[in-house]
Amino acid sequence: MASHEFQPLQGMSDIHAPEIYLWRMIEERARTLFNSYGYEELRTPSLEKLSVFKRSIGDATDVVQKEMYAFKDRGDRELALRPEGTAGTIRHLAGLGEEGLNSRVFYIAPMFRCERPQAGRKRQFHPVGVEATGVPNPLADAECIALQQNLLEAWGLTGSTIKINSRGTKEDQKLIAENLRELLEPVRSDLCEDCQRRMDENVLRVIDCKNPTCKEIAATLPEMRSFMTQESQDYLNTVIETLSEMGVAVEYDRSLVRGLDYYVNTVWEITHGALGSQNSIAGGGRYEIALGKKGVPGVGFAMGIERVITSLEACGITAEQFAPKGGTWLVSLGADALIENMKLARELRNQGVRCGMELAAKSMKAQMRKANREGVERVIIRGDEEIAKGTVIVKDMAEGSQEEINLRDVIV
RNA sequence: GUGAUUGUAGCUCAGUUGGUUAGAGCGCCUGGUUGUGGUCCAGGAGGCCGCGGGUUCAAAUCCCGUCUUUCACCCCA
């Protein structure tokens, strides 16, 4: 492990057993649930034209400006590894014409961001996300959040909180920004350095600054929604009320903003206490993404599998619980038995039995030790005697008992 | 990008103020009489002490660089 010759790149990891079984559980249950909601799986390329991300995520966002793996290929084309899933998904859907403007798709795929790794942040990370396109409808937003709630339940994850807010329409956002700047200007020098910068670049972010002084100042500001049109306020209220009807608990959070440019109206976030500084396991929201001539309206979310796993582990859910166990181990005594067991293993495996055997000539003791470590339920022992008689010895590993039976009785 | 932090056997870690052949536990392998696991006992294999420079008679130990780990800021999943 010390030699970096065998290490993956910084912030990237090999996902192997037993952890992989937790990944598979998460992915399988997500696919099943998405299917029940009528979502189709979509796999877009990991590499896209840089412009796909610039236009949808926002040219000025940190994600685009300093976090993307962007480069020119041999043909001098500007490309980037996807830093998130929505842009590529919408690129695909927009290309479908009318049909794409009313679709439901999900993805489970690696994304890349060249940042300094830290708890809950890898350079290659794996969100599971959904996108539902269609004209803005608060019921669609509510259903999307309800789906997410179902997903958490399916995984067995408890102790998370769903926070919700609205950023209003694009027009509202302009008004909000203007008003906030005006209100903040007199106290500009009291804000932290970052927030003074944010005032010019992205005022909304001042609202969710962690700095105590900024927090105090933010608390004195009117809620964002007070600058929105009545229609926008009603939209948010309908989402919250619908969720309440459906029995999904959400928490209105006036300081929730989220960073990507494409968000309009509803935005939400799911946090979990086990996570540390990067405490959000999921983010979502309604968006309006301009690609080509038309804007694609939709709603969606992304949940980081790495962060979900950290949260699950805090709930006492481990990968070992999902590791395959049981099955049969074949012990061979002598060269003939080895070949005979190769044939028997094949038949058992064809029947779906998890079946293993040592392929090299090893002592019986070594073979039994291996069987024990594999955690199999039974061991089948064969030597020259048994082959001559057409029998096998079957040993129950938990009981320690064994009996000799006919070979043909092994294969049901 | 900024600021800390880590790096010694497969894994978790010891390694004293620089000083002989670098240790432990777990794991692994082989045995404990003919073909029987999990417990026990005995033995064994396995280390460019992250990498590259430097200081020194002497470096795992001190200095510099580099890569990596972990954590925080920024930002986000």
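As the structure is a prediction and not an experimental result, all values here were calculated from the model.
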Base, sugar-phosphate, or nothing for [X], non-hydrogen atoms under 4.0 angstrom?
X	value
A/Ile281	sugar-phosphate
A/Arg197	sugar-phosphate
A/Gly284	nothing
A/Glu386	base
A/Glu115	base

Tell me which of A/Ala398 and A/Thr61 sits closer to the 5' end of RNA chain B, going by the nucleotide each one is nearest to.
A/Ala398
Would A/Glu288 and A/Lys170 count as a salt bridge (Lys or Arg N to Asp or Glu O under 4.0 Å) here? Give the steps.
CA-CA 9 Å; A/Glu288 173 84 32; A/Lys170 288 259 193 285; over 6 Å; no
In whole Å, I'd like the distance from the [atom1] atom of [X] to the [atom2] atom of [N].
X	N	atom1	atom2	result
A/Gln402	B/G38	CD	P	15 Å
A/Phe6	B/G50	CZ	C1'	12 Å
A/Lys362	B/C29	NZ	P	7 Å
A/Arg116	B/C71	CZ	C1'	11 Å

hbond_proxy A/Asn372 side chain to B/G37 base (donor-acceptor, 3.5 Å cutoff):
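Flag set: donor-acceptor pair detected.
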Under the 3.5 Å rule, do the base of B/U36 and the side chain of A/Lys365 count as making a donor-acceptor pair?
no
Salt-bridge contact A/Lys49-A/Asp73 (side-chain N to carboxylate O under 4.0 Å)
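Answer for the salt bridge query: no.
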Compute the ring centroids of A/Tyr287 and A/Tyr262, then answer whether they are less than 6.0 Å apart.
yes
Parallel, tilted or perpendicular for A/Phe34 and A/Phe301, by the 30°/60° rule?
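A/Phe34 and A/Phe301: tilted rings.
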Nucleotide forming a Watson-Crick or wobble pair with B/U55, both distances under 3.5 Å:
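No nucleotide pairs with B/U55.
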